[in-house]
Amino acid sequence: QEQVAESGGGLVQAGDSLRLSCTTSRREIRNYGMGWFRQPPGKERELVVVQTTGGTTYSAPSLEGRFTISRDNAKNTLYLQMTSLKPGDTAVYYCAATLRYYADIIDYTQVGAYDYWGQGTQVTVSS
């Protein structure tokens, strides 16, 4: 069973930047379509940004380009670089991995597209 693990969450102030990391335990990240999702307090899990094995990326439009996904295959690590953080970004952030292939990047934006999920890491942005 694959295990996905996030790290890097914490308490920051509005306007700060923060980088989250994600690793996998069995298969290398290069083999997976990967995604970052988040779940704000009292709300459903929502898309942040996803990336295919080929490097195609799709971000939630509401983020206005503030968040960036990247991979370091040598370190088997996926990153989420978050900038200009706002209190509304407060959420538990989840990393997800899928071995399934979808022809359309939009299909990777669905929670149900992913086989493996991390436990989540809390990001709290104070005003």
Side-chain angles (χ1 to χ4, degrees):
Q1 179 75 9
E2 179 64 86
Q3 293 189 2
V4 177
E6 310 94 339
S7 61
L11 173 63
V12 297
Q13 294 189 337
D16 284 352
S17 297
L18 191 66
R19 189 177 75 169
L20 305 182
S21 300
C22 172
T23 59
T24 53
S25 62
R26 294 194 64 186
R27 288 187 177 90
E28 294 181 344
I29 277 182
R30 69 175 76 236
N31 296 303
Y32 289 110
M34 300 294 297
W36 288 100
F37 293 78
R38 68 184 184 184
Q39 189 162 10
K43 297 184 179 181
E44 293 186 351
R45 198 165 299 188
E46 63 186 26
L47 168 72
V48 175
V49 59
V50 298
Q51 188 179 67
T52 68
T53 54
T56 302
T57 298
Y58 183 91
S59 299
S62 61
L63 296 176
E64 300 175 319
R66 295 184 295 118
F67 293 9
T68 303
I69 190 171
S70 63
R71 303 186 189 213
D72 185 334
N73 289 329
K75 295 182 178 180
N76 195 45
T77 302
L78 181 80
Y79 298 104
L80 178 65
Q81 180 68 49
M82 303 183 290
T83 63
S84 302
L85 283 161
K86 305 174 182 180
D89 295 318
T90 294
V92 177
Y93 282 74
Y94 295 92
C95 179
T98 183
L99 287 172
R100 287 174 272 176
Y101 170 77
Y102 302 101
D104 190 339
I105 182 69
I106 296 300
D107 291 325
Y108 287 93
T109 68
Q110 306 303 308
V111 169
Y114 293 85
D115 304 303
Y116 307 108
W117 290 84
Q119 293 296 309
T121 186
Q122 177 70 46
V123 173
T124 302
V125 184
S126 64
S127 58

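For reference, positions follow the sequence shown, starting with 1.
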Is there a donor-acceptor contact under 3.5 Å from the side chain of [X] to the main chain of [Y]?
X    : Y    : result
R45  : V111 : no
D115 : T98  : no
S25  : Q3   : yes
S84  : R66  : no

Which heavy atom in [X] sits nearest to a heavy atom in [Y], and how many Å separate them?
X    : Y    : value
P41  : T90  : CD-O, 3.6 Å
N31  : L99  : O-CD2, 3.8 Å
V50  : L47  : CG1-CD1, 3.5 Å
S127 : P87  : CB-CG, 3.9 Å
G9   : T121 : N-OG1, 3.1 Å
M82  : L85  : CB-CD2, 3.9 Å

If you round to the nearest 0.5 Å, how far is [atom2] of [Y] from [atom1] of [X]?
X   : Y    : atom1 : atom2 : answer
N76 : T23  : CG    : OG1   : 7.0 Å
S21 : L78  : OG    : CG    : 8.5 Å
T53 : Y108 : OG1   : OH    : 6.0 Å
I29 : C22  : CD1   : SG    : 5.0 Å

Looking at residues at least two apart in the chain, or sitting in another chain, which of them share a side chain to side chain donor-acceptor pair (under 3.5 Å) with [X]?
X    : answer
T56  : none
Q122 : T124
Y32  : E2

With a 4.5 Å heavy-atom cut-off, do [X] and [Y] have their side chains touching?
X   : Y   : value
E6  : L20 : no
E46 : R38 : yes
V49 : Q51 : no

Give me each pair satisfying ring pair (Phe, Tyr, Trp, His ring centres under 6.0 Å) with a member in residues 41-95, each pair once, sequence neighbours excluded. none
Enumerate the salt bridge (Lys or Arg N to Asp or Glu O under 4.0 Å) contacts for residues 9-19, please, sequence neighbours excluded, ordered by first and then second residue. none
Let me check something: do V125 and V92 share a hydrophobic cluster, defined by ILVMFWY side-chain heavy atoms less than 4.5 Å apart, either directly or through other members? no
Would a single hydrophobic cluster contain both I105 and L63, if residues Ile, Leu, Val, Met, Phe, Trp and Tyr are joined by side-chain heavy-atom contacts under 4.5 Å? no
Closer than 4.0 angstrom, basic N to acidic O: yes or no for D107 and R100? no
For F37, give me all partners under ring-ring contact (aromatic ring centres under 6.0 Å, His included), at least two apart in sequence or on another chain. Y114, W117
